[in-house]
Amino acid sequence: MATAYEKKGDYTKAIEHHNEIIKKDSATAETYKNRGNVYLNAQMPEKALPDLGKAMSMPKLKDKKLARGSLATAQLNVEKYQQALDNYNIVIDKEKVKNNPEYYYNRNVAKTKFGDNQGAIVDIKECVKLKPSHVKGARSTGFVGSKVMFFLNE
């Protein structure tokens, strides 16, 4: 039921269903990961963090890469830039999730917070290469600077 409500965009109902599962003490790592993702979709990253962290620490988490990417996104949204950058580096570079333009875009944001403009340019280039219609990625070319336009037009 929670998944159905989430797909409809009724995040309140989806969260209620996840809460019921957790209350009955039958929650798995997947339950916490899923509720964390609902919180992210509902623009409540501060509530997503504990769930995603718990999911990452529990055994039998089916999709640790997705959970780590979601955790990094929540961290980025609550301005925990170093933690977000660390987790994006793990999910992209170590866990080899190379096909998600959003991860590259978000890692670019974290890198710019630390003044790593060259690294940000590389990530924006990869984001737009993976998804040319990525609106935020295309807009970022102006944000990071004119060097991005040069790299994108190579």
Side-chain angles (χ1 to χ4, degrees), residues 1-116 119-140 143-144:
M1 289 295 291
T3 303
Y5 280 116
E6 183 179 10
K7 285 182 180 182
K8 281 179 45 178
D10 190 341
Y11 302 125
T12 302
K13 290 275 191 197
I15 291 167
E16 286 174 11
H17 281 279
H18 285 301
N19 289 344
E20 286 300 314
I21 294 167
I22 291 168
K23 205 183 289 184
K24 292 177 184 174
D25 201 31
S26 58
T28 64
E30 297 302 312
T31 305
Y32 286 102
K33 179 190 79 178
N34 292 339
R35 187 173 71 173
N37 282 326
V38 174
Y39 280 132
L40 271 179
N41 289 332
Q43 304 299 313
M44 294 187 270
E46 67 287 342
K47 289 188 175 190
L49 280 173
D51 281 355
L52 294 167
K54 184 165 179 107
M56 291 291 294
S57 70
M58 293 175 76
K60 299 181 182 177
L61 178 59
K62 292 178 185 168
D63 194 347
K64 196 166 193 167
K65 294 173 187 179
L66 176 62
R68 185 179 309 281
S70 295
L71 178 62
T73 300
Q75 291 165 332
L76 185 68
N77 284 315
V78 297
E79 300 179 357
K80 292 185 177 191
Y81 299 117
Q82 187 61 58
Q83 291 172 335
L85 181 58
D86 292 345
N87 277 311
Y88 282 124
N89 286 338
I90 291 169
V91 78
I92 293 170
D93 299 330
K94 291 183 181 171
E95 296 176 336
K96 307 292 185 204
V97 178
K98 303 281 187 185
N99 62 348
N100 188 319
E102 205 63 36
Y103 290 172
Y104 284 100
Y105 174 79
N106 288 343
R107 186 168 72 169
N108 140 74
V109 172
K111 285 180 176 180
T112 60
K113 296 296 180 181
F114 296 106
D116 180 7
I121 289 168
V122 170
D123 283 346
I124 284 297
K125 180 180 176 182
E126 190 61 28
C127 170
V128 175
K129 181 175 133 188
L130 288 169
K131 186 176 180 186
S133 64
H134 193 284
V135 175
K136 293 184 287 183
R139 281 190 205 145
S140 290
F143 172 73
V144 176

(message) What's the separation between atom CD1 in Ile90 and atom NZ in Lys65, rounded to the nearest 0.5 Å?
(response) 13.0 Å
(request) Taking the side chain as every heavy atom from C-beta outward, state whether Val38 and Met44 have any atom pair closer than 4.5 Å. (result) no
(request) Measure the shortest side-chain to side-chain distance between Ile15 and Tyr5 over non-hydrogen atoms and say whether it is less than 4.5 angstrom. (result) no
(message) For a quick test of reading the model, state the closest non-hydrogen atom pair linking Leu61 to Ala55 and the distance between them.
(response) CD2-O, 3.5 Å
(message) Could you measure the distance from the CD1 atom of Ile92 to the CG atom of Asn99? Nearest 0.5 Å is fine.
(response) 10.5 Å
(message) Hydrogens and angles aside, do Asp86 and Gln82 bring a side-chain donor and acceptor to less than 3.5 Å of each other?
(response) yes
(request) Can you measure from CD1 (Ile22) to CD (Glu20) and round to the nearest 0.5 angstrom? (result) 10.0 Å
(message) Just so I know, are the side chains of Glu102 and His134 near enough to count as touching, which here means a heavy-atom distance under 4.5 Å?
(response) yes
(request) Quick one: closest heavy-atom pair of Ala48 and Ala74, and the distance? (result) CB-CB, 4.2 Å
(message) Under the criterion side chain to side chain contact (heavy atoms under 4.5 Å, CB included), I'd like the reasoning laid out for His17 against Thr3: C-alpha separation, chi angles, the key distance, then a yes or no.
(response) CA-CA 9 Å; His17 281 279; Thr3 303; over 6 Å; no
(request) Considering non-hydrogen atoms only, spot the tightest contact between Tyr103 and Gly69 and give its length. (result) OH-CA, 3.4 Å
(message) Keeping Lys96 on the side-chain end and Asp93 on the backbone end, is there a donor-acceptor pair under 3.5 Å?
(response) yes
(request) Measure the shortest side-chain to side-chain distance between Glu16 and Lys13 over non-hydrogen atoms and say whether it is less than 4.5 angstrom. (result) yes
(request) Verify side chain to side chain contact (heavy atoms under 4.5 Å, CB included) between His18 and Asn34, making sure each step is shown before the conclusion. (result) CA-CA 8 Å; His18 285 301; Asn34 292 339; 3.5 Å; yes
(request) Determine the minimum heavy-atom distance between Pro59 and Ala29, stating which atoms define it. (result) O-CB, 4.0 Å
(message) Is a donor from one side chain sitting under 3.5 angstrom from an acceptor on the other, for Tyr88 and Thr73?
(response) yes
(message) Are more than 12 heavy atoms, taken from residues, nucleotides or ligands other than Lys62, located less than 6.0 Å from that residue's NZ atom?
(response) no
(message) Do Asp51 and Thr31 make a side-chain contact, defined as non-hydrogen atoms from C-beta onward lying under 4.5 Å apart?
(response) no
(message) Between Gln75 and Leu49, is the side chain to side chain contact (heavy atoms under 4.5 Å, CB included) condition met? List the steps.
(response) CA-CA 7 Å; Gln75 291 165 332; Leu49 280 173; 3.6 Å; yes
(request) Using a 4.5 Å cut-off on heavy atoms from C-beta on, say whether the side chain of Tyr104 contacts that of Lys98. (result) yes
(message) Nearest 0.5 Å, please: how far is CG in Leu85 from CG in Asp116?
(response) 8.0 Å
(message) To check you understand the geometry: which heavy-atom pair defines the closest contact between Gly53 and Leu71, and what is its length?
(response) N-CD1, 4.2 Å
(request) Would you mind reporting whether Tyr32 and Leu52 have side-chain heavy atoms less than 4.5 Å apart? (result) no
(message) Salt bridge check, Lys111 against Asp123: does any charged N sit closer than 4.0 Å to a carboxylate O?
(response) yes
(message) Using 0.5 Å steps for rounding, measure from the NZ atom of Lys94 to the CG atom of Asn87.
(response) 10.5 Å
(message) Could you report the tightest heavy-atom contact between Lys131 and Pro101, atom names first, then the distance?
(response) CB-CG, 3.9 Å
(message) I'd like to check Asn100 versus Val91 (side-chain heavy atoms, cut-off strictly below 4.5 Å). Are they in contact?
(response) no
(message) Return the CD to CD1 distance between Glu126 and Ile124, rounded to the nearest 0.5 Å.
(response) 11.0 Å
(request) Go through the steps for Glu30 and Lys33 under the test side chain to side chain contact (heavy atoms under 4.5 Å, CB included), then give the verdict. (result) CA-CA 5 Å; Glu30 297 302 312; Lys33 179 190 79 178; 2.8 Å; yes
